[in-house]
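In what follows, a structure is listed as structure tokens, so that the remarks can point back to it.
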Amino acid sequence: MPPSKPSFRNHFALTAALGLLLLLSACGKENHGPQVSGETMGTSYTMQWHGQASTLKIKTVRLAAEQRLAEINQLMSTYIPDSQLSLFNAQDHSGWFAADAELIYVLDRAYSVSQASKGAFDITVGPLVNLWGFGAKLEGFAFPSATEVRIARLTLGWDRIQTRQQPLSIFKPAENVYVDLSAIAKGYGVDQLAMLLDNFGVKNYMVEIGGEIKAKGIAEHGAAWRIGIETPMHAGRSVEAVIGLNNLGVATSGDYRNYFEHEGQSYSHTIDPRTGYPVQHNLASVTVLHESTTVADAWATALLVLGPQQAYAYAEENNLAVLLITREDKGYVKTISSRMRPFILN
Ligand code: ADP
Ligand code: MG
């Protein structure tokens with residue numbers, strides 16, 4: 001089979017620049033509060049605040065944020081060869097690996113979502129992510145054969161990764177197990193940036209990494225922060241729904257930015273661990289609200305794997321605030337869980 005064009009790189013660049021959620025400024029006016037932004041986790045981050053804490057210097061926040069993000073990346077990035085996670089992945093034998101409490105915290109959140117989603121969310125999906133050309137190892141992508149997919153699937157096993165507190169460590173069940181936290185680390189970063197502003201005494205803020213957002217207090221126009229959920233179109237940008245956010249995190253996963261096309265079919269960067277193939281159904285975008293952006297981020301990916309029916313059923317049974325957008329003949333269709341309804345403003 002000829003190698004397919006790695007057009008996903010272009011889409012990735014777009015995701016990186018924009019994320020899937022948009023902060024809407026009131027009445028089209030720009031937000032005039034202090035703002036810090038920069039690059040992290042292969043995408044951008046923004047923090048903005050206003051009101052109290054007027055003595056707080058932008059420079060102070062920028063330095064603290066850059067330091068916090070650097071620490072998180074040094075623990076969790078698979079793009080940094082000597083990050084703690086990369087060293088864990090490189091460990092050439094099974095056994096316990098000494099790890100930081102923060103990495104263990106994120107692994108434990110991931111484990112819970114994997115358990116509740118019956119493996120739809122799986123941080124050991126890394127070899128498949130790489131095989132499908134979406135991982136840290138990008139060189140030489142070719143459309144995988146069924147055999148390659150089957151072999152990569154043999155390394156799966158979120159339930160085989162254990163953590164312990166005394167002494168702080170992670171258990172690596174086999175040499176070839178490879179952990180990828182791309183679907184949860186941005187959410188964790190957002191929670192950490194929010195905590196940083198909490199610690200500075202800021203009452204009204206919005207922080208965002210690659211479109212995963214946490215907002216607290218009120219926006220400058222005096223009402224809840226307004227977050228736009230994109231229409232899940234491959235090209236162009238428009239707002240499909242508007243969410244009012246206070247003291248909550250929000251994350252969106254979609255199939256429409258980071259994907260490639262092969263023989264007329266789209267393949268997105270969300271992999272169904274149960275098949276080893278990129279998800280193939282008409283659920284184009286999943287938005288989850290949760291007090292923990294870490295958990296919202298993981299669930300957005302998990303529900304995208306589960307597909308529209310199972311995702312909706314899970315959200316209703318577990319009182320999760322979820323907005324699903326499906327691609328149907330008549331256009332995009334929104335399905336809103338009961339818990340989400342009060343947050344939808346349009
Ligand atoms: P984005 O990075 O666009 O915000 P996600 O939060 O959904 O999107 O994360 C997607 C990334 O998560 C993929 O690029 C891949 O590294 C990883 N991934 C893909 N499928 C799964 C899965 N089933 N479970 C956990 N992580 C996954
Ligand atoms: Mg995610």
Side-chain angles (χ1 to χ4, degrees), residues 8-9 11-21 40-45 76-79 85 89 106-107 109-138 149 152-153 156-159 161 178-191 208-213 229-230 232 249-260 267-281 283-288 290 292-307 311 322:
F8 57 87
R9 277 165 219 230
H11 302 295
F12 182 71
L14 195 60
T15 318
L18 301 163
L20 305 183
L21 295 170
T40 190
M41 301 185 183
T43 182
S44 59
Y45 76 91
M76 300 175 199
S77 174
T78 43
Y79 291 80
L85 185 60
N89 283 334
V106 174
L107 289 173
R109 299 286 85 63
Y111 191 96
S112 304
V113 175
S114 295
Q115 203 168 32
S117 68
K118 301 196 170 67
F121 187 78
D122 187 342
I123 55 169
T124 64
V125 83
L128 283 160
V129 173
N130 290 332
L131 183 66
W132 285 101
F134 294 110
K137 296 171 190 155
L138 271 179
V149 171
R153 279 196 67 221
L156 289 181
W158 58 270
D159 52 340
I161 306 270
Y178 179 97
V179 172
D180 171 359
L181 294 176
S182 305
I184 188 169
K186 285 196 292 292
Y188 181 72
V190 166
D191 284 334
E208 168 267 340
I209 302 178
E212 322 299 18
I213 299 178
I229 310 300
E230 270 195 311
V250 58
T252 293
S253 285
D255 70 351
Y256 56 102
R257 291 279 174 228
N258 205 337
Y259 69 100
F260 67 88
Y267 294 88
S268 96
H269 71 151
T270 302
I271 312 290
D272 187 337
R274 301 163 302 184
T275 62
Y277 283 75
V279 290
Q280 298 289 342
H281 46 56
L283 182 55
S285 147
V286 177
T287 299
V288 179
H290 197 276
S292 159
T293 321
T294 314
V295 171
D297 195 5
W299 269 114
T301 300
L303 296 179
L304 190 61
V305 172
L306 285 178
V322 170

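This structure is a prediction, so every number in the text was calculated from the model and none was measured. We count residues from 1, following the sequence as given. Both counts, for ligands and for their atoms, begin at 1 and track the order of listing.
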Ligand-residue contact atoms, ligand 1 with D297, heavy atoms, under 4.0 Å = 6 (O)

Sub-4.0 Å atoms of ligand 1 with respect to non-hydrogen atoms of S253 = 5 (P), 6 (O), 7 (O)

How long is the span from the CD1 atom in I271 to the OG1 atom in T301, to the nearest 0.5 Å?
-> 11.5 Å

Any idea how Y267 and W132 line up, ring-wise: parallel (<30°), tilted (30 to 60°), or perpendicular (>60°)?
-> parallel

Interatomic distance, OH@Y178 vs CG@L85, rounded to 0.5 Å, equals 7.5 Å

Within-cut-off N or O pair, T301 and ligand 1, under 3.5 Å | yes

In terms of atom number and element, which parts of ligand 1 are under 4.0 angstrom from non-hydrogen atoms of F121?
-> 24 (N), 25 (C)

Apply the test side chain to side chain contact (heavy atoms under 4.5 Å, CB included) to residues I161 and Y111: give CA-CA distance (whole Å), side-chain angles for both, the deciding distance (0.1 Å), then the verdict.
-> CA-CA 8 Å; I161 306 270; Y111 191 96; 5.6 Å; no

Could you establish whether N258 and ligand 1 come within less than 4.0 Å of each other, counting only heavy atoms on the residue side?
-> no

Which atoms from ligand 1 have a heavy atom of T270 less than 4.0 Å away?
-> 19 (C), 20 (N)

Heavy-atom nearest neighbour of atom 11 (C) of ligand 1 within options S182, A185, A251 = S182

CG (L283) and CG (D255) are apart, to the nearest 0.5 Å, by 7.5 Å

Is there a heavy atom in R257 that sits closer than 4.0 Å to ligand 1?
-> no

Protein N, O or S within less than 2.8 Å of the Mg ion (ligand 2), waters excluded | A183 O, D297 O, D297 OD1, T301 OG1

Does ligand 1 have any atom that is closer than 4.0 Å to a heavy atom of A300?
-> no

With sequence neighbours left out, write down each residue that passes side-chain contact (heavy atoms from CB on, under 4.5 Å) with A110, or none if nothing qualifies.
-> F121, I123, I184

Could you say whether the N/O atoms of P273 and ligand 1 ever approach to under 3.5 Å?
-> no

Could you tell me the separation between the OG atom of S253 and the CH2 atom of W299, rounded to the nearest 0.5 Å?
-> 12.5 Å

Those atoms of ligand 1 less than 4.0 Å from some heavy atom in E212 = 4 (O)

Going by the order shown, which atoms of ligand 1 are within less than 4.0 Å of some heavy atom of D180?
-> 15 (C), 16 (O), 17 (C)

Check: I271 N/O within less than 3.5 Å of ligand 1 N/O = yes

Salt bridge (Lys or Arg N to Asp or Glu O under 4.0 Å) contacts touching residues 113-122 (sequence neighbours left out) = none

When rounded to the nearest 0.5 angstrom, what distance separates CG in L304 from OG in S268?
-> 6.0 Å

Could you label the plane-to-plane angle of the F134 and H269 rings as parallel, tilted or perpendicular, counting under 30° as parallel and over 60° as perpendicular?
-> perpendicular

Side chain to side chain contact (heavy atoms under 4.5 Å, CB included) test vs V190 passes for just one of V250, I213, T293, namely T293

Output the list of atoms in ligand 1 that are nearer than 4.0 Å to some heavy atom of V305, sorted by atom number.
-> 23 (N)

Pairing residues for T40 by the side-chain contact (heavy atoms from CB on, under 4.5 Å) criterion, not counting sequence neighbours = Y45, L69, N73, I209

Point-to-point distance, once rounded to the nearest 0.5 Å, from CD of E212 to CG of D191 | 11.0 Å

For ligand 1, is A110 a contact, meaning one of its heavy atoms is under 4.0 Å away?
-> no

